[in-house]
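Written below as structure tokens is the structure these notes are about.
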Amino acid sequence: MRLIINGASGKMGQLAITALAKSDHDIVAKLNHEDDLKKTLSELKPDAVLDLTSAEVVLQNTKTIIESGCRPIIGTSGLTEEAIYSLQTLSKKNHVGGIIVPNFSLGAVLMIQFAEKAARYFPRAEIIEKHHDQKKDAPSGTSLYTAQKIHGVRQNQTVACKETITGALGANVNDIPIHSVRLSGLLAHQEVIFGDTGETLTIKHDSLTRDCFAAGIALACDKVMELGELIVGLEHLL
Ligand SMILES: NC(=O)c1ccc[n+]([C@@H]2O[C@H](COP(=O)([O-])OP(=O)(O)OC[C@H]3O[C@@H](n4cnc5c(N)ncnc54)[C@H](OP(=O)(O)O)[C@@H]3O)[C@@H](O)[C@H]2O)c1
């Protein structure tokens, strides 16, 4: 597969280049901020673009990729449920498959699946996501995706608690509070806490080094040409 990496000089872009070094994929361009994605797509006509850029530009980048007839592999966070729906509609119209991956690590994928399972039994959940202080957006893509998955199973039970300071209860996503922590020393961590009478259940995942994303990046690249639509989540490829 002929592949462009967008955001190639970033932390995840660099990891992707290393992860794909031994693969059969041909990285035909490594793009960054100053490069013109649309122009490069029309010149090089690659099979796919792996986007690891920023929440501010990911929606437009993904539209540009799909409209060029190329397959998107989106690791960048920040796409809302509505944005994803609009991209899926666009990909159908353009007959282009691809994948949006909220988290490339196996442990995080399983954490979300276990949370989805627990949501059938527990009436209320809250999410705490913690990341390094260089992360430019909040909440994380993983926490948004987890909230969507829990919401797909059940309505989160509401509480009567009123905020006396705005933000104290976290961001409300499908009635599920997401609390974002940004501190140096952290990499990427998430806890999903379920509560019911007299007990709590915590499902917790820690990314300790970025290497945990490498196998997932390679898997998404290996499989993207087989996808007939724009899907969300690495779990569909495992
Ligand atoms: N899915 C996952 O498993 C996973 C895991 C970790 C991180 N992420 C996400 O991946 C994204 C990248 O993370 P990171 O840690 O690599 O960030 P980073 O180190 O800040 O790298 C982002 C890169 O994208 C470039 N960029 C920014 N805007 C661009 C644009 N309009 N066009 C082309 N390139 C652009 C940046 O260039 P400049 O430096 O010149 O701005 C930089 O090279 C973030 O959204 C992050 O949340 C996803």
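Counting starts at 1 for both ligands and their atoms, in listed order. All of these numbers come straight from a predicted model, not from anything done at the bench.
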Taking C-beta and beyond as the side chain, do Leu201 and Asp196 meet within less than 4.5 Å on heavy atoms?
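No, side chains not in contact.
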Within-cut-off N or O pair, [X] and ligand 1, under 3.5 Å:
X	answer
Ser105	no
Leu31	no
Ser54	no
Gly75	yes
Lys11	yes
Ser9	yes
Gly10	yes
Met12	yes
Asn61	no

Under 4.0 Å from any heavy atom of Lys135, which atoms of ligand 1 are there?
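In order of number, 47 (O).
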At less than 4.0 angstrom from any non-hydrogen atom of Asn32, what atoms of ligand 1 do you find?
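Taking each heavy atom of Asn32 in turn, ligand 1 has 32 (N), 33 (C), 34 (N), 43 (O) under 4.0 Å.
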So, does [X] use its side chain to make a donor-acceptor pair with the main chain of [Y] at under 3.5 Å?
X	Y	result
Tyr145	Ile112	no
Glu129	Ser143	no
His189	Leu187	yes
Asn32	Glu34	no

When you look for heavy atoms under 4.0 Å from ligand 1, do you find them on the side chain of [X], its backbone, both, or neither?
X	value
Arg210	neither
Asn6	side chain
Val57	side chain
Ala108	neither
Phe104	both

Rounded to the nearest 0.5 Å, how far apart are CD1 of Ile127 and CG of Asn156?
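Here the interatomic distance stands at 9.0 Å.
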Given Asp51, which partner from the list Thr76, Thr64, Thr62 fulfils the side chain to side chain contact (heavy atoms under 4.5 Å, CB included) test?
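Per the side chain to side chain contact (heavy atoms under 4.5 Å, CB included) rule, the option paired with Asp51 is Thr76, out of Thr76, Thr64, Thr62.
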Can a protein heavy atom be found under 4.0 Å away from atom 39 (O) of ligand 1?
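When distances to the protein are checked, atom 39 (O) of ligand 1 has no heavy atom within 4.0 Å.
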Evaluate the 4.0 Å heavy atom contact test for atom 36 (C) of ligand 1: does a protein atom fall under the cut-off?
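It does not; no protein heavy atom is within 4.0 Å.
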Does either side chain, that of [X] or that of [Y], offer a donor lying less than 3.5 Å from an acceptor on the other one?
X	Y	value
Glu191	Thr202	no
Lys135	Ser77	yes
His25	Asp47	no

Residue pairs fulfilling salt bridge (Lys or Arg N to Asp or Glu O under 4.0 Å) with at least one residue in residues 202-219, sequence neighbours excluded:
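Counting only pairs at least two positions apart or across chains, the salt bridge (Lys or Arg N to Asp or Glu O under 4.0 Å) contacts touching residues 202-219 are Lys204-Asp206.
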Please state whether Glu34 comes within less than 4.0 angstrom of ligand 1, counting heavy atoms only.
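False for this residue.
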Salt bridge check, Lys38 against Glu67: does any charged N sit closer than 4.0 Å to a carboxylate O?
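Result for this pair is no, no salt bridge flagged.
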Other hydrophobic cluster members with Ile193, side-chain heavy atoms of Ile/Leu/Val/Met/Phe/Trp/Tyr under 4.5 Å, chained?
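Its cluster partners, ordered by chain and number, are Ile128, Val181, Leu183, Leu186.
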Considering Val101, Thr53, Ile100 one by one, which has a heavy atom nearer to atom 24 (O) of ligand 1 than any of the others?
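Checking each option, the heavy atom nearest atom 24 (O) of ligand 1 is found in Thr53.
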To the nearest 0.1 Å, how far is atom 46 (C) of ligand 1 from its closest protein heavy atom, and which atom is that?
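Ranked first by proximity to atom 46 (C) of ligand 1 is Ser77 OG, 3.8 Å.
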